[in-house]
Structure formats: structure tokens, C-alpha cells
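Here is the structure we will look at, set down as C-alpha cells.
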Amino acid sequence: MDKLRIEGGRRLEGSVRISGAKNMALPAMTAALLTPEPVTLRNVPHVRDVLTMKHLLESMGARVEYQRGEKVVLQAEHLHHRAAPYDLVKMMRASILVLGPLVSRFGHAKVSLPGGCAIGARPINLHIGALEKMGVRIQVAHGYVDASCSRIQGAEITFPTVTVTGTENILMAAALAEGMTVLNNAAREPEVADLAGMLNCMGARIQGAGTSTIRVEGVDRLRGVSHTVIPDRIETGTFLTAALVTHSDIGLEECNLQHVMAVVDKLKEVGAEIDLENANRIRVRGAHSLRAADLTTNPFPGFPTDLQAQYMALMTQAQGVSVITETIFENRFMHALELIRMGADIRIEGNRAVVRGGTHLTGANVIASDLRASASLLLAGLVADGTTVVDRVYHLDRGYERIEEKLTRLGAR
Ligand code: EPZ
């Protein structure tokens, strides 16, 4: 799918099933590198990034069977290749998540430096610094990270900035390290807690995941496991926003309300009616008129940066002026330029965007720049007058499972 054409102005109705979280499926797949035994993952979303990770792990010699029912079976018994080549890493930065497991189990890894991406430089200096503290010798040359050690050692590590994949990489490295590892200022995202839960079922000894201090007592060996991936909280937030922007009443199935509390609180402030119907079904009704509300993105449990673009699309329709402050990435407002072309009134001032709401959006040809920006252009297209064509939607395919089918089933065109 390379272009999406959306006819605006239609209400949504019915229910949508939320898929498994891409940002948990990816570390869960690399965690399979930590054991020679088979690992079974359920509720894996059928998205491009998961296929890319499959190819990467297979290129090393792991067996990866993708069975259509969102089930993936992986086994990294013998790896003939402990490297992640540039041509795969450039397609998906999360490839860096093989570094910790490879070094920890095999004592060596050669991983291409992920290039920057549209939303920022996104260095991996914190991953590297933490591994060096654990006794790993690291050389960065010719665009590659070459890491080696005899036996990785536990250490006390304090991250100066909260890093999600940095925390995940070190968690996986520490699981097989010699001695105790303490992670301070660790990421508290639900994906980190779910990964820790999976590792503990494999025999790891991890305490405190989900808080900012995590303790890991290294063990000699990890077992295989069968694990179900948590629902995707970003897809959940995207559909909550879609309901509000189209003033619709829809149900979200198989989602986890606890993982989206900051989003629900903010959307209620804007005027949404959101009810928890049971443990994993949310009902959302978009009030007829929405109120503008300021937003600042933060690491979990704050409002996630991955929903900032979708929220901006919503604020173009709210009554009043809202100020959106992006604190995680240095360049995550590209979607604003495209929304302006559709008629939005947005002024960018550094890491703040001032949105004057209540604007009439008209369909236009727009270009997606990153995964979540493309979702915000889709939402704007749902409410704009006329036809919107979103180009380069391969970004969408990376992180949303068949989003056009899900929206069409809800009544979008
Ligand atoms: C994860 O990326 C997610 N990806 C991102 O989702 C998400 O936007 C991000 O966390 C923030 O929540 C996956 O989980 C696969 P970070 P990650 O390390 O781990 C700086 C999506 O749309 N930093 O938490 O790469 C970094 O530049 C993606 O699914 C360093 O300076 O993000 C950023 O400013 C987009 N040095 C901040 O920390 C480092 O070594 C947070 O980055 C690492 C990070």
C-alpha cells in the first residue's frame, strides 16, 4: 500500500479490535536470542517491522515461523552470524535490540549504527555507555558497533535520559550477566514491564520493572517460553482520537485501559466520554464540541510522544487555542506542515506548536514522514471536506496492522 485516499466527513460506528503492541513484539523477538530453546509469541501484530525483525533474526541463523494467527515461533539454537547489517538496520532502528542479547549470550555482536530518522538524530550512546559499564569492549567504526566481552558483568547504571530501547537492551544483557545489575532512571513503559515479565518466565530474576529502578540478578541460562504480547497502547490512543475527531461512538476491544490513563485523562479534558465497559473493552463517545487543551509529552506514565501527532490533528478541530510541547524528540512536528496545507492554523516555535482550533480542513495531497505523523494525516483526512490522499503510507504499514481495513469496517471511506 503506498497511497491512502480518504473521503472526509463520515461518522464511525461499531467496534475495532486493538492489535498486539509493535513496540513489545520487537524486543520480545530479540529476547528469543537469549536461549537455545523455542520461544512462542502470541498476539503479534502483522506489521512490516515484525517482518523486518524476522528477516534480521533469520539472517543470523535463527528459525522464525510466522503463523498467520498472530503467532510467531522463534528458536536461536545455533547462530552462524552475529551481526545486524546496515541494509536491515536502516529500515528499522529497533534492530539495535539485538545488541544486548547477542553480547550477553555469545560474547560478540556487530550491529550497524541506526541512522537518524525523520523525528530526530536518535543516537544510541546511552546503550553503548551502559554496555561498556558491564565490561563490554565496544568499537564504533565504519558505521558499525563492534561489541565483545568474555562474560558480561552486572553493574550499576544510571541513564541520564529515559530511554525505552536502552532500558530493554540492558535488561536483556543483564539477564545473563554475572552478578547484579541495577538500572536507575529506567524507562517505565508498559512494554518494558511486559518484556521483564517474559524474561522472568524464561528464568531471569528481574525486580522493579515498570518503576524507574530495576534490579536484575544474572543467571547462567534462560529457558524457552510462551508469551502473549500486550495490546498496542498507541493504536488504542489513535482510535480514541479518531472517534473524537469524527464525533463518533465506537468500542475498542482487547485493549488495556491501564496503559492509556494519561491519554484518557487528556481526552476527557477535551470533552470525550470514555467508559471502561469491562477489563479490556473501552467505549468512547466524541462530544459534539471539543475544547482545546494544552499538552506536554513525557515518558510513561505521561502522555506518549507517539500520540502527539494524532492529538495535534484533533486540536485543529477543538474550540480555542492549544499549545503542544514535544519534550522527547527534537523534530517531531513534520505533520504540522502537512496539516497546515489542509487548512489548519498551527504556528511552530521550537519544540512548541500553537494550534488555533475550530478550523475547516479541506482534503489535499499530503505526504507522511514518520509512522505516527501518517496516522495524524489519516485522522485529519477523516474530518476534512473532500478527498485527502496520503502518500508514502509504507510508514503506516510499519506500525499499524491493516489500519485502512479497520477504519473502513468502522464506516470510514
Ligand atoms: C522507543 O524508541 C519507541 N520505539 C518509539 O516509538 C518511541 O517514540 C520512543 O521509545 C519514546 O517513547 C520502540 O520501542 C521500538 P528512546 P527509542 O531511546 O527507544 C534520546 C514508534 O513510533 N536518546 O526512549 O529509540 C533519543 O534521541 C517509535 O513506534 C539518546 O540521546 O526512544 C530521544 O530524544 C517512534 N541516546 C530520547 O532519548 C540514546 O542512547 C528518548 O528516546 C537513546 C536515546
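Hydrogens, waters and symmetry mates are skipped; everything else that's a heavy atom, side chains included, is used. We count ligands from 1, going down the list as the structure has it; atoms in each ligand are counted the same way. What you are looking at is a predicted structure, and each value in this text was computed from that prediction instead of being measured. One is the number of the first residue; the rest follow in order along the sequence.
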Mind listing the side-chain donor-acceptor pairs of residues 167-178 below 3.5 Å, one per line with the distance, residues two or more places apart or on another chain?
unit_1: Thr167; atom_1: OG1; unit_2: Thr163; atom_2: O; d: 2.7
unit_1: Thr167; atom_1: OG1; unit_2: Ala187; atom_2: N; d: 3.0
unit_1: Asn169; atom_1: OD1; unit_2: Gly100; atom_2: N; d: 2.9
unit_1: Asn169; atom_1: ND2; unit_2: Ile96; atom_2: O; d: 3.0
unit_1: Asn169; atom_1: ND2; unit_2: His127; atom_2: ND1; d: 3.1
unit_1: Glu178; atom_1: OE1; unit_2: Gln153; atom_2: NE2; d: 3.1

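Between Val264 and Lys268, some side-chain heavy-atom pair lies under the 4.5 Å cut-off.
Using modelled atom types and a 3.5 Å distance limit, the side chains of Thr238 and Tyr400 yield a donor-acceptor pair. For the residue pair Gln67 and Glu65, a side-chain donor N or O sits within less than 3.5 Å of a side-chain acceptor on the partner.
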- Message: I'd like to know whether Val229 forms a side-chain contact (heavy atoms from CB on, under 4.5 Å) with Arg42, so could you lay out the CA-CA distance, the side-chain angles of the two residues, the decisive distance to 0.1 Å, and finally the verdict.
- Response: CA-CA 6 Å; Val229 172; Arg42 290 189 171 78; over 6 Å; no
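When each of Arg281, Arg283, Arg17 is tested with Glu253 by the rule salt bridge (Lys or Arg N to Asp or Glu O under 4.0 Å), just one qualifies, namely Arg281.
Sorted by chain and number, the heavy-atom contacts of ligand 1 below 4.0 Å come from Lys22, Asn23, Ala94, Arg122, Pro123, Ile124, Asn125, Leu126, His127, Thr161, Val162, Thr163, Val164, Thr165, Thr305, Asp306, Ile328, Phe329, Arg332, Leu371, Arg372.
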